[in-house]
Amino acid sequence: RLAVPEGKCTFNITHSGSMGAILVLQHPQSSALPVGVDLERHRSVRASAISRRHFLPDECVALKVSASEGRAAETQAFFEMWTKKEAWLKACGTGLGGGLSTINC
């Protein structure tokens with residue numbers, strides 16, 4: 001439970017598998033700024049196919065370069081881009097519905 005004066009704090013929560021995180025930002029002024037946080041458990045995904053659908057063209061190129069360095073590098077790059085995008089969209093209040101392909105990481 002958060003014990004701060006109303007309107008003086010914003011927070012966001014994320015979880016994936018057995019991991020979780022909470023981001024809390026307390027504001028000294030009266031208006032609170034939005035925050036977003038995301039994490040993903042690294043797992044086997046079809047990074048190339050997912051990125052073609054949800055990432056911008058230059059991000060797909062960067063992911064392809066990472067893939068040439070091996071599967072682990074591709075997975076790392078994919079989840080770094082994904083979590084940055086999702087955290088931003090959560091801060092904007094839209095979540096994934098806000099469009100992963102509208103943000104360039």
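Only heavy atoms go into these numbers, but all of them, side chains included; no hydrogens, no water, no symmetry mates.
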Just how far is it from atom [atom1] of [X] to atom [atom2] of [Y], taken to the nearest 0.5 Å?
X: K64; Y: E69; atom1: NZ; atom2: CD; value: 14.0 Å
X: C60; Y: I50; atom1: SG; atom2: CD1; value: 11.5 Å
X: S44; Y: R71; atom1: OG; atom2: CZ; value: 4.5 Å
X: L100; Y: E86; atom1: CG; atom2: CD; value: 7.0 Å
X: E59; Y: H54; atom1: CD; atom2: NE2; value: 12.5 Å
X: E74; Y: S66; atom1: CD; atom2: OG; value: 7.5 Å

May I ask whether [X] and [Y] are part of the same hydrophobic cluster, defined by side-chain heavy atoms of I, L, V, M, F, W, Y residues being less than 4.5 angstrom apart, directly or through others?
X: V35; Y: L96; value: no
X: L25; Y: L23; value: yes
X: F79; Y: L39; value: no

Nearest atoms (heavy-atom pairs only) where A91 meets P34: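 What the structure gives for the nearest pair is O-CB, 3.0 Å.
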
side-chain contact (heavy atoms from CB on, under 4.5 Å) assessment of C9 paired with V24: CA-CA 7 Å; C9 161; V24 179; 3.6 Å; yes

Parallel, tilted or perpendicular: ring planes of F55 versus F78, cut at 30 and 60 degrees: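 Correct class here is parallel.
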
E80 vs C105 side-chain heavy atoms within contact, under 4.5 Å: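 No, every pair of side-chain atoms sits at 4.5 Å or beyond.
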
side-chain contact (heavy atoms from CB on, under 4.5 Å) evaluation trace for V45 with T75: CA-CA 8 Å; V45 295; T75 299; 5.7 Å; no

Contacts of type side-chain contact (heavy atoms from CB on, under 4.5 Å), residue I13, not counting sequence neighbours: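 Residues passing side-chain contact (heavy atoms from CB on, under 4.5 Å) with I13: F11, I22.
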
Residue pairs passing the side-chain hydrogen bond (donor to acceptor under 3.5 Å, both in side chains) test where at least one lies in residues 88-103, sequence neighbours excluded: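 Residue pairs with at least one partner in residues 88-103: N12-K90.
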
Enclosure of H15 NE2 (heavy-atom neighbours >12, cutoff 6.0 Å):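 No, not enclosed.
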
CZ/R53: more than 12 non-hydrogen atoms of other groups inside 6.0 Å: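 Not buried by this count: 12 neighbours or fewer within 6.0 Å.
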
side-chain contact (heavy atoms from CB on, under 4.5 Å) between S51 and M81, intermediate numbers included: CA-CA 10 Å; S51 67; M81 285 188 258; over 6 Å; no

